[in-house]
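Notes to accompany the following structure.
Residue numbers begin at 1 in each chain, while the letters A, B, ... track the order of the sequences.
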Amino acid sequence: MQQHPMVAILRRLGAFILVLVALSVMIFILARVVPGDPARMALGPAASQAQVAQLRAEMGMNDPLLSQYLHYAWNAVHGDFGMSLVSQRPVTQDLAETVPATVELVLASVIFMFAVAIPLGVLTAQYRDRWVDVLGRLISLTGVTIPSFLVAISLQLLAARFWPSWPILGRLDHGLNFHGGPTGFMLIDGVLAWRWDVVASAAQHLILPAFALSIAGIGQITRITRAAMLENQRKDHVLTLKSFGVPERVIVFRYLLKLSSIAPVTIMGLEFASLIGNAFVIEMIFSWGGFASYGLEAILHKDLNAVSAVVLVSGLFFIVANLIVDVVITLLDPRQRQKGGR
Amino acid sequence: MSDAKMLLDASDREMSAAYMMWYRYSRKPAAVIGTLIVLSAIAMAVFAPWIAPHPKDVGTVVNFRARHHAPELAHLFGTDQVGRDILSRALFGMRVSLLLVLGVLGISVPVGTVLGLVAGYFGGWVERVITGLTNVMLAMPPLVLALAVSNLLEPTLTNAMLAITLQWWTWHARLIYAVSKSVAAEDYIEAARLSGAGPLHILFREILPNCVSVISVKTTLDAAFVILLGATLSFLGFGVKPPTPDLGSMVAAGRQFMPDYWGEVLCPGAAVLYVTLGFNLLGDGLRDMFDVES
């Protein structure tokens, strides 16, 4: 019995690898059907026809498509996505420098989401149809419908108006003379370097963008939590607890909450796709300089190698997030643990 | 109308399903407000040339003397950096948003529905191919894919539409697949098959009617997401070409003059919020009305 969750997770992992392979095929095809010759773009308009032809041969572009794809996949598995046209450096190196910033931002906003949405969902369900519920539903409706760029800009406006010293751009004060550390996470690097001023500044810079990024998820998760709480309140075992005179507080926090957090965690996994998408907007508005900013720049300059790496890594984010979600759900939900054994 | 009155009414008329639905709908203020907002947005988009106070400002008009006006009687939303009326441009911008919705959902809803029906009813390798394809597409953040595709081709409205559609059908296919698969196991489907109904009849006359409520709820809620996605794309500079007004690119333009002329950001932004709010309220209302599980 103990092994079964592991087996289930391994099976999911296998499925995810298949998804990743299919995704890479799609991106490869996408990059080939694009109008314009990568060799011509790399050399510029001044290059002669012969030079372009030579580079095409060097890039392997005259080979059959299948062998081109295998070559591409082989390199990608080894972490080689080719050179970026814009930065003139290996794409992998660019990614290694930018991805941690985005992960830091996304993790912070996931923490915000659960910290705000779960209590709000519980509150609105407990005080159904009272003013707390109406207010909470209004907040979640607004969260779902408001464009994230509008939230981000409004936050910047409010900060500029009411708290001019609060930082609204970048990840750190330039004056601190700190240039990152081994992990790339500003908060952790600050702790490692024993620089509490860096940690404080990084946290200050992180709050607004992380909050702006979390708004959509807060709306979604509050709704789901509320619906799950309401549904589970009617279940027989909860009624049994009530009739035994178990205090409301214990029922809600010990029994209902765990049961009702399965649905929001599941949704979180799907939410990740739009979370990564919104990170592109938020990073641009707050000059965050992470992976999404890099991706946006690459797309603007039609930097094919960088674009396909960015698309692939975005998909990877989603897949990893969903693997984690699967594990968390297995831990939360005893029914999932039993499934394999039957 | 009270419940008793409704019952009386219904005894005259046959208590049709449509009447019950209308009754449930009319008792939901959120659904009614949502409908009104959506209808008003559509009206604004359709009649934009006639109701816009300064229809000329939609094109390449420059009036530097009137630039950055705060909201006033002549310009309810103020004017932008070259003196064009923001309200007029926002009204025309609604057209772009709603056209995008029409284009994306007009293709992806039928395609997704048919593929979902087929996958759920036939099963076997058809099911495996279609669900596998949806799993791959869903792993891609919609915005990232749309950005990449539309810019690698050429950043125009049509390409943005294409790029979003490329992925959007999968959500519908998955949803309809689930319904179709559960319905396909029902006895009356078997009965229809035994009495000689062809696959086309079963798919579209027996299974499809079961999906109507799910499709309409999903489509309405999707309209809001597509508008958000479109506005975000054009905010990032991947939408329509500059002289054409678009809500997302208006926000982006206003952002350059931000702390001082904040109305230029918030007014077009509020217009996006207005439309998405309407579709969301309507979708939630429809869900209650059809009693669909989310």
Looking at [atom1] of [X] and [atom2] of [Y], how far apart are the two atoms once the value is rounded to the nearest 0.5 Å?
X         : Y         : atom1 : atom2 : answer
Leu275(A) : Leu143(B) : CG    : CG    : 12.0 Å
Phe280(A) : Leu236(B) : CZ    : CG    : 9.0 Å
Leu266(B) : Ser154(A) : CG    : OG    : 5.0 Å
Ile319(A) : Leu138(B) : CD1   : CG    : 11.0 Å
Met284(A) : Arg255(B) : CE    : CZ    : 5.0 Å
Phe279(B) : Thr145(A) : CZ    : OG1   : 13.0 Å

Using heavy-atom distances under 4.5 Å, tell me whether [X] contacts chain B through its side chain, its backbone, both, or neither.
X         : answer
Leu150(A) : side chain
Leu20(A)  : neither
Leu300(A) : both

Of all of [options], which one pairs up most often with chain B through heavy atoms under 4.5 Å apart?
options                                    : result
Leu157(A), Val307(A), Val21(A), Ile276(A)  : Leu157(A)
Val281(A), Leu270(A), Asn278(A)            : Val281(A)
Gly315(A), Ser314(A), Ser274(A), Ala160(A) : Ser314(A)
Gly295(A), Ala298(A), Ala273(A)            : Ala273(A)

(message) Applying the side-chain contact (heavy atoms from CB on, under 4.5 Å) criterion to Ile146(A), which one of Leu273(B), Leu277(B), Leu228(B) satisfies it?
(response)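 In the set Leu273(B), Leu277(B), Leu228(B), the residue that makes a side-chain contact (heavy atoms from CB on, under 4.5 Å) with Ile146(A) is Leu273(B).
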(message) At a heavy-atom distance under 4.5 Å, which candidate from Val265(B), Asn135(B), Leu133(B) has the highest pair count against chain A?
(response)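 The option with the most such pairs is Val265(B).
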(message) As an exercise: rank Val251(B), Leu281(B), Leu145(B) by heavy-atom pairs under 4.5 Å with chain A and give me the winner.
(response)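 The option with the most such pairs is Val251(B).
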So what's closer than 4.5 Å to chain A heavy atoms on [X]: side chain, backbone, both or neither?
X         : answer
Ala224(B) : neither
Val272(B) : side chain
Ala252(B) : neither

(request) Decide yes or no on side chain to side chain contact (heavy atoms under 4.5 Å, CB included) for Phe235(B) and Ile285(A), but give the supporting numbers first. (result) CA-CA 10 Å; Phe235(B) 172 77; Ile285(A) 293 173; 3.8 Å; yes
(message) Check Asp284(B) with Arg223(A), please: is the shortest side-chain N to carboxylate O separation under 4.0 Å?
(response)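 Salt bridge: yes.
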(request) For atom CZ of Phe211(A), decide whether the heavy atoms of other residues, nucleotides or ligands shown that lie under 6.0 angstrom number more than 12. (result)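 No.
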(request) Return the minimal non-hydrogen interatomic distance between Ile299(A) and Ala148(B), and the atom names on each side. (result)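 Scanning both residues completely, I find the closest heavy atoms to be CD1-N, 4.1 Å.
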(message) To check you understand the geometry: which heavy-atom pair defines the closest contact between Leu296(A) and Phe238(B), and what is its length?
(response)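 Minimum heavy-atom separation between Leu296(A) and Phe238(B): CD1-CE1, 4.1 Å.
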